[in-house]
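For this chain, numbers begin at 1 and follow the sequence in order.
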Amino acid sequence: MKKISLLLAMGLLLGLLPGCNTGDDTPAVTTPDASTPVATPEETTPEATTPEVTTPEETTPAPVVPDVPKSFHLEIGEPIVVTQGAVGDNAWGHNQFPGLSYTLDGNILATWCYSNDTIDDYVDVYRKKVSTDGGLTWSDDESLCMVPDKLQMNNGKYFAGFERANAHYATWQNEYTPAMTWGTNGGYKLYFAEDMPKNDDTTVWGYEYDPDTNTTEKFECTINWLHAPLTEFPGGKIYPMTQMFALSQDGIIVVDGVMYLAMYFYGFNCYSATREYAVSDFSKYYSTYIFSSEDNGRTWNWLSQLIPTSDIKFSEGLCEPNLNVMPDGSIMILMRSGGDSKPCYWARSTNMCKSWSVIKKFDDIGVLPQMVTLSSGVSIATYGRPYMRIRATSDPTGKKWQEAQTVDLASGENNSSCYYTDLLALDDTHALWIYSDFKYPNADGVPVKSIIVRVITVVFDEE
């Protein structure tokens with residue numbers, strides 16, 4: 001299973017800081033929560049009527065919603081090459097897992113991984129280029145600012161991600177009894193974080209960037225999370241919370257100065273007050289957990305959990321979550337459930353991630369689904385594997401979407417990409433889309449691994 005290393009590749013924001021001068025398919029399981037119905041692929045998903053959790057849903061005040069014409073279509077521009085690999089370099093992890101963001105000076109930053117696809121190799125392996133013309137051309141000019149502006153905090157500084165660290169197995173070997181063991185020869189072990197000693201392996205550290213001094217400083221994070229899981233993987237590596245948060249840092253959103261983070265890890269029931277009921281068979285699968293921080297990343301409070309249920313068709317659980325603020329002020333989340341040809345799912349929250357609607361199927365496929373909302377009120381989602389898809393809506397709630405469009409890669413072949421994408425809003429009717437194409441022709445016509453961007457245009461139909 002490669003998902004943890006894949007998301008980590010997209011999340012290492014620390015590698016972006018230099019250069020700124022601006023100063024097994026597994027059977028479904030039965031879980032304690034209620035059954036959640038799943039929509040058919042062609043069905044537009046209606047509003048869920050039963051919250052997954054029993055906490056009261058405190059509706060947030062409705063913002064001003066753009067008056068969006070209901071009829072529109074998408075036009076997708078021609079591919080633009082950001083970078084290309086060498087002939088014969090087909091290693092998984094090289095020239096893939098791309099991302100997009102604005103820089104502090106308003107240009108566009110494209111990042112991608114160049115590393116072997118293993119957890120241990122994902123350290124300072126990002127490469128990057130900047131576009132000063134909306135994505136038409138790309139430069140690696142080091143005089144250009146390469147610091148993203150995604151996460152400005154209340155203190156005026158920018159959250160620059162979590163430190164990544166592996167816990168040393170020798171520290172814990174034969175000292176702690178796992179809460180749960182599964183897999184071949186007990187290859188996976190679930191521990192509770194509160195049992196572990198506080199040290200450099202278990203402490204979560206964050207970073208902030210100060211544009212006034214062009215410096216990055218490290219600070220300690222407090223994680224308020226009852227019990228909290230730690231997992232030992234085959235080979236004797238234990239991934240502590242600092243690793244788990246680092247996997248998820250790319251998906252943080254900021255709303256009214258509060259940061260919201262969606263992360264995934266092997267599941268236990270956070271709603272259980274006792275450890276005995278926190279673990280069950282579904283602990284073998286991923287759950288999605290939501291946290292918030294109101295103090296510039298120093299404290300992270302657990303808010304809610306999305307738990308895979310027996311009637312959701314998944315192989316991995318609910319993972320690779322993406323949060324998006326919809327025009328009506330609700331938060332929509334998309335989640336992967338497996339690899340090739342496995343569905344992605346959605347839910348929405350009207351009380352800032354404290355509780356969620358019933359989980360429903362968004363599409364039949366979808367690794368690392370991404371969303372963006374343009375100022376016109378149109379929202380766009382991209383995802384894929386074994387082919388690329390794009391979907392859009394003008395519904396401010398995000399409950400109803402147009403039929404998905406399948407977009408061919410240059411080779412016209414399935415499984416010719418990692419299908420990890422990203423989106424960036426350009427203006428009210430345009431977005432930039434980035435993805436990898438493993439067989440895009442170079443200047444000599446030879447197919448090579450490439451990072452590609454395309455402009456997506458929203459065209460409102462005349463009525």
Side-chain angles (χ1 to χ4, degrees), residues 36-39 43-53 57-66 68 74 150 248 250-256 258-264 287-292 303-308 312 318-337 343-363 365-383 389-404 421-425 431 456 458:
T36 56
V38 179
E43 178 182 349
T44 54
T45 48
E47 181 179 9
T49 56
T50 305
E52 185 173 303
V53 260
E57 193 159 14
E58 304 167 2
T59 305
T60 54
V64 177
V65 178
V68 181
L74 301 181
K150 288 182 178 180
S248 309
D250 190 58
I252 300 174
I253 61 173
V254 180
V255 184
D256 296 330
V258 179
M259 290 193 288
Y260 295 88
L261 177 151
M263 64 169 285
Y264 69 96
S287 277
T288 287
Y289 310 90
I290 312 297
F291 295 81
S292 68
L303 291 180
S304 59
Q305 178 181 8
L306 294 109
I307 301 175
I312 292 179
L318 294 172
C319 54
E320 294 185 351
N322 181 252
L323 297 171
N324 187 62
V325 182
M326 302 304 292
D328 73 336
S330 64
I331 305 292
M332 183 171 179
I333 188 170
L334 293 179
M335 297 166 287
R336 161 178 170 159
S337 69
C344 61
Y345 291 87
W346 73 277
R348 63 188 294 267
S349 173
T350 59
N351 60 3
M352 303 311 296
C353 302
K354 296 182 181 69
S355 62
W356 296 88
S357 65
V358 172
I359 303 167
K360 292 182 175 291
K361 185 164 68 173
F362 187 74
D363 204 341
I365 65 171
V367 301
L368 199 72
Q370 298 290 295
M371 286 180 287
V372 69
T373 297
L374 307 182
S375 55
S376 62
V378 172
S379 300
I380 301 171
T382 58
Y383 49 93
R389 276 193 172 162
I390 185 169
R391 200 174 185 188
T393 183
S394 60
D395 177 3
T397 70
K399 300 170 190 174
K400 297 181 179 180
W401 291 67
Q402 293 181 349
E403 292 298 316
T421 69
D422 202 3
L423 289 163
L424 187 69
I456 301 170
V458 177

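How far CG of Leu374 is from OG of Ser394: 11.5 Å, rounded to the nearest 0.5 Å. Expressed to the nearest 0.5 Å, how far CG of Leu323 lies from CG of Leu261 amounts to 8.0 Å. Ile333 CD1 to Ser349 OG: the interatomic distance, rounded to the nearest 0.5 Å, is 9.5 Å. One finds the OG1 atom of Thr288 at 9.5 Å from the CH2 atom of Trp356 (value rounded to the nearest 0.5 Å).
A heavy-atom distance below 4.5 Å is found between the side chains of Leu306 and Ile290. Contact of the Tyr264 side chain with the Leu318 side chain is not registered, since no non-hydrogen atoms from C-beta on lie closer than 4.5 Å. Between Met335 and Pro321 the shortest side-chain heavy-atom distance falls below 4.5 Å. Side-chain contact between Leu368 and Gln370: present, with at least one pair of heavy atoms (C-beta onward) separated by less than 4.5 Å. Taking the side chain as every heavy atom from C-beta outward, Ile390 and Thr421 never approach each other to under 4.5 Å. Within the 4.5 Å cutoff, side-chain heavy atoms of Ser379 are placed close to those of Met326. Between Leu303 and Tyr260, the closest side-chain pair of non-hydrogen atoms falls below 4.5 Å. With a 4.5 Å cut-off on side-chain heavy atoms, Asp250 and Lys150 count as touching.
Nearest heavy atom pair, residue Pro327 against residue Gly377, reads CG-O, 3.6 Å. Shortest non-hydrogen contact noted between Leu424 and Val372 is C-CG2, 4.5 Å. When all heavy atoms of Phe291 and Met263 are compared, the pair lying nearest together is CE1-SD, 3.5 Å. Between Gln305 and Ser287, the closest heavy-atom pair is NE2-OG, 3.2 Å. Closest of all the heavy-atom pairs between Cys344 and Tyr383 is SG-CD1, 4.5 Å. Closest of all the heavy-atom pairs between Ala392 and Trp401 is C-CE3, 3.4 Å.
For the pair Arg391 and Phe362, the cation sits on the ring face: its NZ or CZ lies under 6.0 Å from the ring centre, inside 45° of the axis.
With hydrogens and angles ignored, the 3.5 Å screen pairs no side-chain donor or acceptor of Ser304 with any backbone N or O of Ser355.
Checked for salt-bridge contact, Asp363 and Arg389 meet the test: a charged N lies under 4.0 Å from a carboxylate O.
Between the side chains of Asp328 and Ser330, at least one donor N or O sits under 3.5 Å from an acceptor N or O.
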Assess the residue pair Thr373 and Met371 against the criterion (side-chain contact (heavy atoms from CB on, under 4.5 Å)); give the C-alpha distance rounded to whole Å, side-chain angles, the decisive distance to 0.1 Å, and a yes or no.
CA-CA 7 Å; Thr373 297; Met371 286 180 287; over 6 Å; no

Check the pair Cys319, Arg336 against side-chain contact (heavy atoms from CB on, under 4.5 Å), reporting the backbone distance first and the verdict last.
CA-CA 5 Å; Cys319 54; Arg336 161 178 170 159; 3.9 Å; yes

Val458 and Leu74: CA distance, side-chain angles, deciding distance, side-chain contact (heavy atoms from CB on, under 4.5 Å) verdict:
CA-CA 5 Å; Val458 177; Leu74 301 181; 3.8 Å; yes

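When each of Lys360, Arg348, Met332 is paired with Lys399, the side chain to side chain contact (heavy atoms under 4.5 Å, CB included) condition holds for Arg348 and for no other. Here the options are Ile331, Asn324, Val258, the test is side chain to side chain contact (heavy atoms under 4.5 Å, CB included), and the partner is Ile253; only Ile331 passes.
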